[in-house]
Amino acid sequence: MIRSFNEDQQKAINWYKGPMLVLGTPGSGKTTVITERIKKLINEYKVSPEKILVITFTRAAAQSMKQRFQKTEKNANVRFGTFHSFFFWIVKTAYGYKNEDILSEDERRNYIRELLTGMNLRYEDNEELTGSILKQIEKVDSELIDIENYYSHDLPEYHFRSLYLKFAELKKSRGKLDFNDMMHLSYHLLQEREDILNIIRKLYPFILVDEFQDTNILQYEILKMLAAPDNNLFVVGDDDQSIYGFRGARPDIMLSFREVFKGAEIVTLKVNYRSTADITRLSSRVIAHNKKRYSKELKAASKESGLIKVQQVKDISIQNDLIIKRIREALDTGTPANEIAVLYRTNMSPGRLIYKLREYNIPFTARDTVPDIFSNYMVSSVMDYMYFANGDRSRKRFLHFMNKPLRYVPRNILTDENVDIHSLIRITADKDYLQSNLMLLRNHLDKIRTLPTFAAINYIRKVVGFDEYISEYARERSIDENELFDIMDEFQSLSRDFDSFNDFALFSVEQRKMAEKETAHEAKDAVQLMTMHSSKGLEFTEVHIINCVEGEIPHKKSGREFEIEEERRMFYVAMTRAKEKLYIYTPRIIADKSAKISRFIKEMTEGE
């Protein structure tokens with residue numbers, strides 16, 4: 001079959017030697033351009049397939065591209081791989097490392113947990129903390145940051161720096177490597193051993209890189225060394241889709257490409273073959289507000305307007321009812337469930353929607369783990385207050401809240417499996433401060449038992465002093481208390497529908513059971529739920545973007561200009577996942593607080 005390509009695609013496909021940057025905009029056929037250009041190198045320019053190296057960022061993307069290429073070029077031995085696999089090949093060849101020497105993600109997490117314990121750093125949110133620390137270590141390593149100049153947002157600086165150095169020592173002492181180590185070893189080896197560098201250059205004189213906007217500084221430095229001096233480097237990416245700043249991805253790498261590679265050609269794939277005209281036009285209008293980007297005039301191949309609807313609703317409940325209604329209508333009219341996506345900024349956002357999807361028996365799968373709010377360590381403490389007040393006097397529950405806030409209650413006075421607070425008051429008569437604290441706790445518990453669920457939670461937070469405990473907890477650990485308060489606000493708002501604590505407790509148990517059953521698995525015919533980050537590279541007939549309000553989109557943690565620009569890129573990525581229908585929701589109230597429509601909505605509708 002003879003394929004036709006537009007003028008921009010043809011220019012990229014026909015490129016032979018020297019550096020080229022292809023701006024592969026959403027739905028513009030960038031994967032096709034890469035595979036067709038490889039065929040052109042082999043069949044017309046007579047480049048040996050073994051001399052072509054194609055690098056992308058995920059194993060799935062590398063395999064997919066290889067399979068597409070091999071449909072027509074079965075015997076061409078082009079090397080497709082990830083940065084990860086390529087750097088491992090270098091260190092394996094140079095230093096003799098084996099597969100078993102590479103740390104799995106679980107092993108890395110275990111190392112961090114081990115170090116936190118050894119340093120006597122105890123956090124109730126250990127799993128979230130561990131993941132965040134690993135991301136920060138990756139950022140330090142990939143951006144070649146001096147650890148003395150890095151300030152963690154999870155730990156006091158001296159703790160993070162100590163942990164960083166201990167992590168490196170622990171890996172070394174056990175003869176283990178992670179991806180960051182492979183990058184650093186490859187970088188230093190190629191810097192110090194010109195003979196090895198020249199061997200690799202001769203092996204792969206033609207290098208193609210997909211998703212170039214995700215490249216970090218260290219990867220880029222290695223690429224520059226490998227491509228020199230001929231610089232037959234063909235990179236494809238979109239600076240407008242650079243959304244992995246937390247991993248060290250830097251859009252300015254793309255913006256300076258022509259300065260680094262003198263005489264480089266830049267081609268923009270301007271035609272969007274995915275989205276209808278209005279989605280293409282309005283998403284382009286939003287991203288044009290970013291200052292640090294390549295200017296692009298995008299257009300849709302489709303003549304259809306498509307549907308893009310921005311809807312302001314009263315609250316999350318109305319938003320979810322509307323989404324359910326529209327999903328059911330789409331399913332009833334023949335849209336496959338897996339062609340419908342719900343996108344959101346953080347993985348806490350779809351919690352209540354998930355309850356609704358279960359209620360209406362709509363099949364769904366969450367690409368990212370959606371935290372069960374009832375499993376949160378702060379929420380579970382408040383639940384245990386209410387369980388205890390309502391008759392469950394187990395020692396386990398009492399231990400969970402007895403010193404939140406601090407009451408100086410020692411564990412050793414809890415000698416039975418069930419706790420009698422009146423007995424505790426009697427046996428602490430010789431310690432006035434402790435007896436007084438326990439008497440006040442008894443009075444609080446008596447009051448909690450008489451209140452409706454929402455009021456009981458409010459009483460625990462404001463009168464008992466749980467909010468003060470949260471602030472103190474966050475202050476001691478140098479973490480953002482607002483994240484914890486957001487979770488508590490959502491939890492408290494969720495309780496509004498339940499006057500009886502027993503009903504609320506039953507609901508929480510049912511949801512936790514359902515969450516355990518729905519551990520990450522791929523459902524072939526299910527509505528797709530995912531964060532904006534996870535949606536990149538995917539496309540759907542119908543997309544719903546939820547909670548499009550200030551504080552969520554853009555996220556409240558992003559205040560500086562470069563952070564707002566990344567948030568705008570994220571929203572742009574989310575918009576351009578839609579092929580035919582795009583719904584955007586802006587609730588006026590979230591977790592009982594008024595919300596303000598996102599600035600990105602205003603940018604999109606300017607002049608309409």
Partner residues of [X] under the side-chain hydrogen bond (donor to acceptor under 3.5 Å, both in side chains) criterion, sequence neighbours left out:
X: D315; answer: none
X: S500; answer: none
X: D489; answer: R461, K593
X: N458; answer: Q492

Does F491 have any ring pair (Phe, Tyr, Trp, His ring centres under 6.0 Å) partners at least two apart in sequence or in another chain, and if so, which?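 Ring pair (Phe, Tyr, Trp, His ring centres under 6.0 Å) list for F491, sorted by chain: F504.
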For Y151, ring pair (Phe, Tyr, Trp, His ring centres under 6.0 Å) partners two or more places apart: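 Result, ring pair (Phe, Tyr, Trp, His ring centres under 6.0 Å) vs Y151: none returned.
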List in chain and number order the residues that pass side chain to side chain contact (heavy atoms under 4.5 Å, CB included) with [X], two or more places apart in sequence or in another chain; answer none if no residue qualifies.
X: S104; result: D106, E107
X: N403; result: L406, R407, V409
X: E359; result: K356

Taking ring pair (Phe, Tyr, Trp, His ring centres under 6.0 Å) as the cut-off, I'd like each qualifying pair that reaches into residues 569-589, sequence neighbours left out, listed once.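 Those involving residues 569-589 are H544-Y583, H544-Y585, F571-F600.
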Would you call the rings of Y408 and Y433 parallel, tilted or perpendicular, where under 30° means parallel and over 60° means perpendicular?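 Perpendicular.
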Determine the interplanar angle of the Y459 and H444 rings, folded into 0 to 90°, and report it as parallel if under 30°, tilted if 30 to 60°, perpendicular if over 60°.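 Perpendicular: the ring planes of Y459 and H444 meet at over 60°.
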Measure the shortest side-chain to side-chain distance between F454 and D592 over non-hydrogen atoms and say whether it is less than 4.5 angstrom.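 Yes, at least one pair of side-chain atoms sits under 4.5 Å.
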For the residue pair D321 and V313, establish whether any side-chain heavy-atom pair is separated by less than 4.5 Å.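 Side chain of D321 against side chain of V313, heavy atoms only: no contact under 4.5 Å found.
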Heavy atoms only: give me the nearest Y387-S508 pair and the separation to one decimal.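 Closest approach of Y387 to S508, heavy atoms only: OH-OG, 4.1 Å.
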Distance-minimising heavy-atom pair for I340 and L331: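 Minimum heavy-atom contact is CD1-CD2, 4.0 Å.
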Please determine whether side-chain hydrogen bond (donor to acceptor under 3.5 Å, both in side chains) holds for the pair N547 and Q319, giving the CA-CA distance in whole Å, both sets of side-chain angles, and the decisive distance to 0.1 Å. CA-CA 9 Å; N547 298 354; Q319 172 181 271; 2.9 Å; yes
CD1-CE distance between I460 and M386, expressed to the nearest 0.5 angstrom: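 Interatomic distance, I460 CD1 to M386 CE, rounded to 0.5 Å: 5.0 Å.
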For R560, all residues meeting salt bridge (charged side-chain N to carboxylate O under 4.0 Å, His left out), sequence neighbours excluded: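 With neighbours one apart ignored, the set is E563.
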Any residue meeting salt bridge (charged side-chain N to carboxylate O under 4.0 Å, His left out) with E603, in chain and number order, not counting sequence neighbours: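 So E603 forms a salt bridge (charged side-chain N to carboxylate O under 4.0 Å, His left out) with R568.
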Any Lys/Arg nitrogen of R358 or E510 sitting under 4.0 Å from an Asp/Glu carboxylate oxygen of the other?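 No.
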How about CD on Q311, more than 12 heavy atoms from neighbouring residues, nucleotides or ligands closer than 6.0 Å, or not?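 Enclosed.
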Looking at the rings of [X] and [Y], which for Trp means the six-membered one, are their centres under 6.0 Å apart?
X: Y164; Y: F167; answer: no
X: Y385; Y: F388; answer: no
X: Y244; Y: F57; answer: no

